[in-house]
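Predicted model, so just to flag it, every value in this text is computed and none were measured.
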Amino acid sequence: MTFLEHFYYGNIDPHECYIGNNSTFSKLLKRTNKLEEQLTEQLTEKQKLLFNDYCESQAKLYETSEKEAFIRGFKLGLRFMAEAVVDLEEFDV
């Protein structure tokens, strides 16, 4: 089965990746969670709601930024591939 066929049938999930327990990402995630717990223990209920709203907004901002970076990277990769096959300058692109 080709890569595109695997992708079509859902055998490839671009969002799926393994994060090891000792990876930098995993260590930062654990530290962030611990700090969030320590912070929220000190907040009033009203402050917790505000902080949760802030965290949700940050998560959406991060998600949007990550999506845009993925799209830019994918387009850049396609341009590299296209230029390797066809001289784009002859088409004034």
Side-chain angles (χ1 to χ4, degrees):
M1 192 177 301
T2 69
F3 178 80
L4 288 175
E5 288 172 328
H6 277 288
F7 187 61
Y8 174 80
Y9 288 113
N11 299 330
I12 298 171
D13 182 359
H15 300 288
E16 186 178 282
C17 65
Y18 172 75
I19 300 171
N21 285 335
N22 291 323
S23 70
T24 301
F25 183 87
S26 178
K27 290 175 184 176
L28 287 170
L29 182 60
K30 287 175 186 174
R31 176 169 162 67
T32 301
N33 288 338
K34 184 178 178 181
L35 289 169
E36 183 178 342
E37 285 177 17
Q38 291 174 350
L39 177 62
T40 55
E41 286 174 0
Q42 300 175 31
L43 299 177
T44 66
E45 287 305 312
K46 185 176 179 181
Q47 291 170 328
K48 285 180 186 179
L49 291 173
L50 180 61
F51 180 68
N52 284 336
D53 285 347
Y54 170 79
C55 289
E56 287 178 18
S57 182
Q58 282 291 103
K60 288 177 185 176
L61 180 63
Y62 179 74
E63 177 185 345
T64 301
S65 175
E66 200 172 60
K67 178 186 71 173
E68 294 299 322
F70 174 83
I71 291 169
R72 281 192 309 273
F74 192 84
K75 287 180 178 181
L76 181 61
L78 287 176
R79 287 199 59 130
F80 282 132
M81 193 167 58
E83 190 168 314
V85 176
V86 177
D87 184 5
L88 293 177
E89 288 183 1
E90 67 185 73
F91 296 106
D92 291 326
V93 175

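In terms of modelled atom types and a separation under 3.5 Å, the side chain of S26 and the main chain of S23 share no donor-acceptor contact.
Shown here for N21 and K30, the closest heavy-atom pair between the two residues is O-NZ, 3.7 Å.
Proximity of R31 to L35: side-chain heavy atoms (C-beta onward) are separated by under 4.5 Å at one or more points.
For the atom pair R79 CZ and E83 CD, the distance stands at 7.5 Å (nearest 0.5 Å). Separating the NZ atom in K48 from the OG1 atom in T44 is a distance of 8.5 Å, to the nearest 0.5 Å. Annotation: the span from N52 atom CG to S57 atom OG amounts to 12.5 Å, rounded to 0.5 Å. In this structure, the separation between CD on E41 and CG on L43 is 10.0 Å, given to the nearest 0.5 Å. Here the straight-line distance linking atom OG1 of T40 with atom CD of E45 works out to 10.0 Å at 0.5 Å rounding.
Within a 6.0 Å sphere centred on CG of D13, heavy atoms belonging to other residues, nucleotides or ligands number more than 12. Within 6.0 Å of CZ in F7 there are 12 or fewer heavy atoms belonging to other residues, nucleotides or ligands.
Two different hydrophobic clusters hold M81 and V86 under the rule that ILVMFWY side chains link at heavy-atom gaps under 4.5 Å. Under the 4.5 Å side-chain heavy-atom criterion for Ile, Leu, Val, Met, Phe, Trp and Tyr, L39 and Y54 are members of the same hydrophobic cluster.
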Under 3.5 Å, sequence neighbours excluded: what are the donor-acceptor pairs made by side chains of residues 58-71?
from, atom 1, to, atom 2, distance (Å)
Y62, OH, E66, OE2, 3.0
T64, OG1, K60, O, 2.9

